[in-house]
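Below, each value reflects all heavy atoms present in this structure, side chains not excepted, and no hydrogens, waters or symmetry copies.
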Amino acid sequence: ANPANKVFGAPIPSFDYTISGFVNGENPSVVSGTPVITTDAITRSPVGTNAINVAKGSLVASNYDFSTENNILTTTPAPLTVRVDNKSRLYGVANPQLTYNLEGLISPDTSAVVSGTPDITTTANPTSVVGSSNPIHATRGTLASGNYDFNTFIDGNLDVTKAMLLARANPANKVFGAPIPSFDYT
């Protein structure tokens, strides 16, 4: 069997094989049948290696006997995407907590299979003006997982909205029969 690769969570690939050792200019056309190729790997086998086992199966050739050679199926990490959540806040207020979501987990896995957190930053601060573009950027930080890799980071945006001003009328007094006083506000 030839070596093979698969990504964590992907189906077991079809295995192929080569036959070598022919003499007198002969080639695989003198062989009929197929070997039996198996593995104990499953779709959710963890990152690492599993044996690809080969047995003679129905291989026959009039001038040849057969020996078999096992090989390795290598399972590599599945890719995860870190998508930063968009946020908004009022002008003059501190930034909200910056959060993210993981995309690409293989069912039934949840975010519990991932340890650590990404580093998430923005240039926005309380003096960032309304309507300014404030990207929220993430990098790997301390994210780790045995069966996943963190290849893609999608930025979010922090929108600054107008702060609310309150115009409040000050209390006023008037004596009965007197003209209405001028009003002021704070």
Side-chain angles (χ1 to χ4, degrees), residues 1-87 96-122 133-158:
N2 293 322
N5 296 295
K6 75 174 227 50
V7 174
F8 172 74
I12 301 299
S14 297
F15 299 119
D16 59 3
Y17 61 95
T18 54
I19 298 176
S20 60
F22 296 101
V23 296
N24 297 327
E26 293 181 323
N27 60 45
S29 66
V30 300
V31 176
S32 63
T34 56
V36 174
I37 304 174
T38 61
T39 183
D40 61 351
I42 59 173
T43 300
R44 292 187 51 80
S45 288
V47 168
T49 59
N50 290 83
I52 300 173
N53 304 301
V54 183
K56 179 181 173 186
S58 62
L59 290 173
V60 293
S62 58
N63 294 321
Y64 299 95
D65 257 341
F66 294 90
S67 64
T68 60
E69 185 176 288
N70 295 337
N71 222 314
I72 298 294
L73 170 65
T74 301
T75 301
T76 58
L80 281 184
T81 296
V82 177
R83 182 181 297 273
V84 176
D85 299 325
N86 291 323
K87 297 290 182 173
Q97 180 178 356
L98 304 178
T99 57
Y100 67 98
N101 283 295
L102 296 173
E103 298 174 357
L105 288 163
I106 308 297
S107 183
D109 286 350
T110 66
S111 60
V113 301
V114 175
S115 64
T117 57
D119 289 331
I120 305 176
T121 58
T122 183
S133 177
N134 302 288
I136 306 171
H137 182 69
T139 58
R140 184 173 186 137
T142 60
L143 288 172
S145 179
N147 291 321
Y148 294 96
D149 201 4
F150 306 90
N151 301 358
T152 305
F153 295 84
I154 299 174
D155 289 350
N157 195 58
L158 191 147

Sequence neighbours excluded - salt bridge (charged side-chain N to carboxylate O under 4.0 Å, His left out) pairs with any residue from residues 97-115: Arg44-Asp109, Arg83-Glu103

Smallest separation among heavy atoms of Pro11 and Thr43, with atom names: CA-OG1, 4.0 Å

Sequence neighbours excluded - salt bridge (charged side-chain N to carboxylate O under 4.0 Å, His left out) pairs with any residue from residues 1-19: none

Minimum heavy-atom distance Val82-Pro118, with the two atoms named: CG1-CG, 4.3 Å

Set of residues satisfying side chain to side chain contact (heavy atoms under 4.5 Å, CB included) with respect to Ser45, sequence neighbours excluded: Ala41, Ile42, Asn50

Set of side-chain hydrogen bond (donor to acceptor under 3.5 Å, both in side chains) partners for Asn157, sequence neighbours left out: Asp159

Any pair counted as ring pair (Phe, Tyr, Trp, His ring centres under 6.0 Å), so long as it reaches residues 66-86, sequence neighbours left out: none

Smallest separation among heavy atoms of Gly57 and Val36, with atom names: CA-CG2, 3.7 Å

Inter- and intrachain pairs under salt bridge (charged side-chain N to carboxylate O under 4.0 Å, His left out), touching residues 133-155, at least two apart: Arg140-Asp149

Nearest heavy atoms of Thr122 and Pro135, plus distance in Å: OG1-O, 2.9 Å

Contact summary for Leu102 and Ser111, nearest pair of heavy atoms: CD1-CB, 4.1 Å

Residues that Asn71 engages under side-chain hydrogen bond (donor to acceptor under 3.5 Å, both in side chains), provided they are two or more places apart: none

Listed partners of Tyr148 passing ring pair (Phe, Tyr, Trp, His ring centres under 6.0 Å), at least two apart: Phe8

Asn101: side-chain hydrogen bond (donor to acceptor under 3.5 Å, both in side chains) partners, not counting sequence neighbours: Asp85

Salt bridge (charged side-chain N to carboxylate O under 4.0 Å, His left out) pairs, two or more places apart, involving residues 48-65: none

Under 3.5 Å donor-acceptor, Asn147 side chain and Val47 backbone: yes

Residue pairs fulfilling side chain to side chain donor-acceptor pair (under 3.5 Å) with at least one residue in residues 27-38, sequence neighbours excluded: Asn27-Ser29

Any pair counted as ring pair (Phe, Tyr, Trp, His ring centres under 6.0 Å), so long as it reaches residues 16-42, sequence neighbours left out: Phe22-Tyr64

